There are 2 protein chains.
Amino acid sequence: MAAINTRTSPKKESTIVDAGHSFTEENYLKTILKLSEQSEDAVSTNAIAFRLGTKAATVTDMIRKLSQKKLIHYKKYQGVRLTARGTKVAWAIVRRHRLWEVFLTEKLHFKWDEIHNIAEELEHINSEELVKRLDKFLGFPKFDPHGDPIPDSKGRLSRISRTTIKEMQIKQTAIMTGVIDHTSPFLRHLEMLKLTPGKEIKLLRMLDFDGSCIISINRGEETYISSLVASNILVSIRNEKV
Amino acid sequence: MAAINTRTSPKKESTIVDAGHSFTEENYLKTILKLSEQSEDAVSTNAIAFRLGTKAATVTDMIRKLSQKKLIHYKKYQGVRLTARGTKVAWAIVRRHRLWEVFLTEKLHFKWDEIHNIAEELEHINSEELVKRLDKFLGFPKFDPHGDPIPDSKGRLSRISRTTIKEMQIKQTAIMTGVIDHTSPFLRHLEMLKLTPGKEIKLLRMLDFDGSCIISINRGEETYISSLVASNILVSIRNEKV
DNA sequence: ACTTAAATTTCGACTTGTCTAAACATTTTA
DNA sequence: TAAAATGTTTAGACAAGTCGAAATTTAAGT
Ligand SMILES: [Mn+2]
Ligand SMILES: [Mn+2]
Ligand SMILES: [Mn+2]
Ligand SMILES: [Mn+2]
C-alpha cells in the first residue's frame with residue numbers, strides 16, 4: 001500500500017510567489033485545509049495520517065518540512081495550523097481540483113462519482129496559465145459538480161448559507177446545493193433519485209420514529225429518503241443571510 | 001537541477017494489461033521510443049542520459065529495472081531496444097501527450113510553442129477512461145498541433161509520407177504537415193511567417209549559394225525562408241505513396 | 001596487436017517519502 | 001494527583017531516483 005508521489009518541480013517559470021511544492025506536500029496542505037475547516041482546533045498528526053492513509057511518524061516528518069517552509073505553524077505535540085501563505089497555496093490546489101472536476105463532468109461527461117480520483121491527480125499540474133485558461137474555458141464556474149465552491153484566482157470564494165434537509169421546516173422549499181458525504185455509493189444513490197445540485201426540494205413530511213423524510217423534487221412526485229441521506233444533503237433556503 | 005518525478009501508482013483499477021509505471025519510467029520509455037525512431041541501432045545509455053538531462057550512471061540503473069519488467073531488451077554494453085510490450089506502453093504515452101496538446105491548443109487556445117511542457121505532465125495522468133473520453137471530446141484527431149500523428153486506442157497510427165521543403169522540386173506544390181525542430185523559438189518563427197500545418201506551400205526558387213528558398217504560402221505573396229528553416233519543415237506532396 | 005580513447009557499468013552516497021518499534025508527552029480517569 | 005491510556009515524536013531502515021568517481025568493456029588508431 002505504498003502510495004508514493006514525489007515531485008521536485010524544477011519550474012523556474014510560473015508565478016514567483018509560490019511554486020515548487022511536491023505532489024506530496026500539496027496533498028498534505030490540502031488535507032490540513034480540509035481538517036481545519038471541520039473544527040477550530042489545531043489539526044492533529046493522527047487526523048492527517050488517517051485522511052492520507054499514512055502513519056503518524058510519516059506525518060511528523062512532513063510537518064517539520066512544511067513548518068520549515070513556513071506553510072504551517074507548528075509546535076511539538078500541539079498540532080498544526082496553516083499560515084497565511086499555506087492557506088493560499090492550499091486553496092489554490094482546491095481551486096484546481098474543483099475546476100478539473102467541472103471539466104470532467106461538463107466536457108467529458110463523467111458521472112459525478114467518477115471524477116474525484118482523476119482530479120486528485122490533475123490538481124497537481126502546476127501551471128498558472130493552464131488554470132487561468134481552463135477557468136475561462138469552463139465559463140468561470142462558481143461551484144463544482146458536488147456543489148462545493150470554487151475560489152477565484154485571488155482565492156475569494158462564494159460562500160452561501162447551507163443546511164441539511166434535516167434542518168428544514170415542514171412545507172419549506174429550498175434548492176439543493178451540495179453534499180456532505182462525497183463517496184461514490186452515496187453519490188450514485190442520489191443520482192438514481194435524481195437528487196442533484198440545482199434541484200428544488202420541498203420537505204413534505206418528516207417521520208418522527210426514524211427521522212426519514214418525504215420530499216418532492218422539482219415539484220414532482222413524492223420521494224422517500226432516509227434520515228441518513230437527508231442529513232447528508234445540503235440545501236440553501238431563499239432569503240437567508242449568511 | 002534536480003528534476004525528480006516519482007510515482008508508484010497504487011492504481012488497482014485501470015486496465016489489467018499495463019498499468020503502474022512511475023512518471024520516471026514512463027519518461028524513459030518515451031525517450032527510448034523517440035531515439036529508436038531516429039535510427040535502427042540499439043539505443044545507447046548516453047543518448048538516453050542526454051535527452052533526459054540525467055547521467056549515464058542513472059540511466060544504467062533504470063535500464064536494469066525496465067529490463068526486469070520486460071519492457072526493454074538489454075545486454076550489458078549493447079544498448080537497449082523496446083520489447084513489444086514496451087513499445088505499446090510507450091506509444092500509449094505519446095498518444096496521451098499528443099491528445100493533451102490538441103486540447104491545449106484547440107480548446108484552451110495555447111500557442112503551439114507553449115504546450116509541450118504542460119503536456120509533458122498531463123501525459124502521465126493514467127486513466128484509460130479519461131483518455132478515451134478526451135479523444136472523443138476532441139473529435140478523434142489524427143494529428144497533434146505540430147503535425148505529429150496520434151496513435152488510436154489500439155496503437156495504430158496514420159503514417160503519411162513527409163519530406164522537407166529542401167527536397168521539393170521547383171514549382172512543386174505541397175501541404176505543410178509538420179516540423180522537425182520542435183523548439184519554441186523555431187515554432188514562434190514559423191507562426192510569425194504564418195507557416196503552420198495545413199498550409200499549401202509552393203516552392204518558387206531555391207538559391208544556389210546558400211540554399212535558402214522562396215516559397216508562396218496558400219498562393220499568397222512570396223516568402224523568404226533560410227535553408228535551415230526549409231530543412232526543418234515537413235511537407236506532404238499529393239499523389240505520393242508511402 | 002597494442003595502446004589509447006570513449007562509452008558503460010559498478011560502487012558508495014544522498015534526498016524524499018515511507019514504515020515499525022521504541023521513547024516521550026499529554027490527557028484521562030480513578 | 002498518580003496511574004493508565006492515548007497521541008506524538010525519535011530512531012533506524014528501506015525503496016526510488018539521482019549523482020560523482022572509479023573500474024570495466026568496447027571501439028579506434030596506429
Ligand atoms: Mn492529490
Ligand atoms: Mn468536488
Ligand atoms: Mn513526461
Ligand atoms: Mn507535439
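None of the values given here were measured: they were computed from a predicted structure. Protein chains get the first letters and strands the later ones, always in sequence-line order, with residue 1 at the start of each.
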With A:L157 via side chain to side chain contact (heavy atoms under 4.5 Å, CB included) - residues at least two apart: A:W91, A:P149, A:P151
With A:D210 via side chain to side chain contact (heavy atoms under 4.5 Å, CB included) - residues at least two apart: A:L207, A:S212, A:Y224
Sugar-phosphate, base or nothing in reach of B:T45, heavy atoms under 4.0 Å: sugar-phosphate
If you look only at distance, which donor and acceptor atoms sit under 3.5 Å apart when one is on a side chain in residues 100-115 of chain B and the other is two or more places apart or in another chain?
{"unit_1": "B:W100", "atom_1": "NE1", "unit_2": "B:L122", "atom_2": "O", "d": "3.4"}
{"unit_1": "B:E101", "atom_1": "OE1", "unit_2": "B:H146", "atom_2": "ND1", "d": "3.1"}
{"unit_1": "B:E101", "atom_1": "OE2", "unit_2": "B:H97", "atom_2": "NE2", "d": "2.9"}
{"unit_1": "B:E101", "atom_1": "OE2", "unit_2": "B:H116", "atom_2": "ND1", "d": "3.4"}
{"unit_1": "B:T105", "atom_1": "OG1", "unit_2": "B:E101", "atom_2": "O", "d": "3.0"}
{"unit_1": "B:T105", "atom_1": "OG1", "unit_2": "B:V102", "atom_2": "O", "d": "3.1"}
{"unit_1": "B:W112", "atom_1": "NE1", "unit_2": "B:L187", "atom_2": "O", "d": "3.1"}
{"unit_1": "B:D113", "atom_1": "OD2", "unit_2": "B:R188", "atom_2": "NH1", "d": "2.9"}
{"unit_1": "B:E114", "atom_1": "OE1", "unit_2": "B:K111", "atom_2": "N", "d": "2.8"}

Extract from the structure each pairing of a protein N or O with an N or O of nucleotides 21-27 of chain C at less than 3.5 Å, listing the distance.
{"unit_1": "C:dA25", "atom_1": "O4'", "unit_2": "A:Y77", "atom_2": "OH", "d": "3.4"}

Let me have the donor-acceptor pairs involving side chains of residues 28-49 of chain B, under 3.5 Å, with sequence neighbours excluded, atom names and distances please.
{"unit_1": "B:K30", "atom_1": "NZ", "unit_2": "B:E120", "atom_2": "OE1", "d": "3.2"}
{"unit_1": "B:K30", "atom_1": "NZ", "unit_2": "B:E120", "atom_2": "OE2", "d": "2.6"}
{"unit_1": "B:K30", "atom_1": "NZ", "unit_2": "B:E123", "atom_2": "OE1", "d": "2.8"}
{"unit_1": "B:K30", "atom_1": "NZ", "unit_2": "B:E123", "atom_2": "OE2", "d": "3.0"}
{"unit_1": "B:T31", "atom_1": "OG1", "unit_2": "B:N27", "atom_2": "O", "d": "2.8"}
{"unit_1": "B:S36", "atom_1": "OG", "unit_2": "B:I32", "atom_2": "O", "d": "2.7"}
{"unit_1": "B:S39", "atom_1": "OG", "unit_2": "B:D41", "atom_2": "N", "d": "3.0"}
{"unit_1": "B:S44", "atom_1": "OG", "unit_2": "B:A47", "atom_2": "N", "d": "3.1"}

On the nucleotide [N], are OP1 or OP2 found under 4.0 Å from the side-chain N or O atoms that [X] carries?
X     : N      : value
B:S22 : D:dA16 : no
A:T60 : D:dT8  : no
A:N46 : D:dT8  : yes

Which residues share a side chain to side chain donor-acceptor pair (under 3.5 Å) with B:S227, sequence neighbours left out: B:K166
d(NZ, A:K55; C1', D:dG7) in whole Å: 15 Å
Whole angstrom value for the distance that separates C1' of D:dT18 from CD1 of B:I48: 16 Å
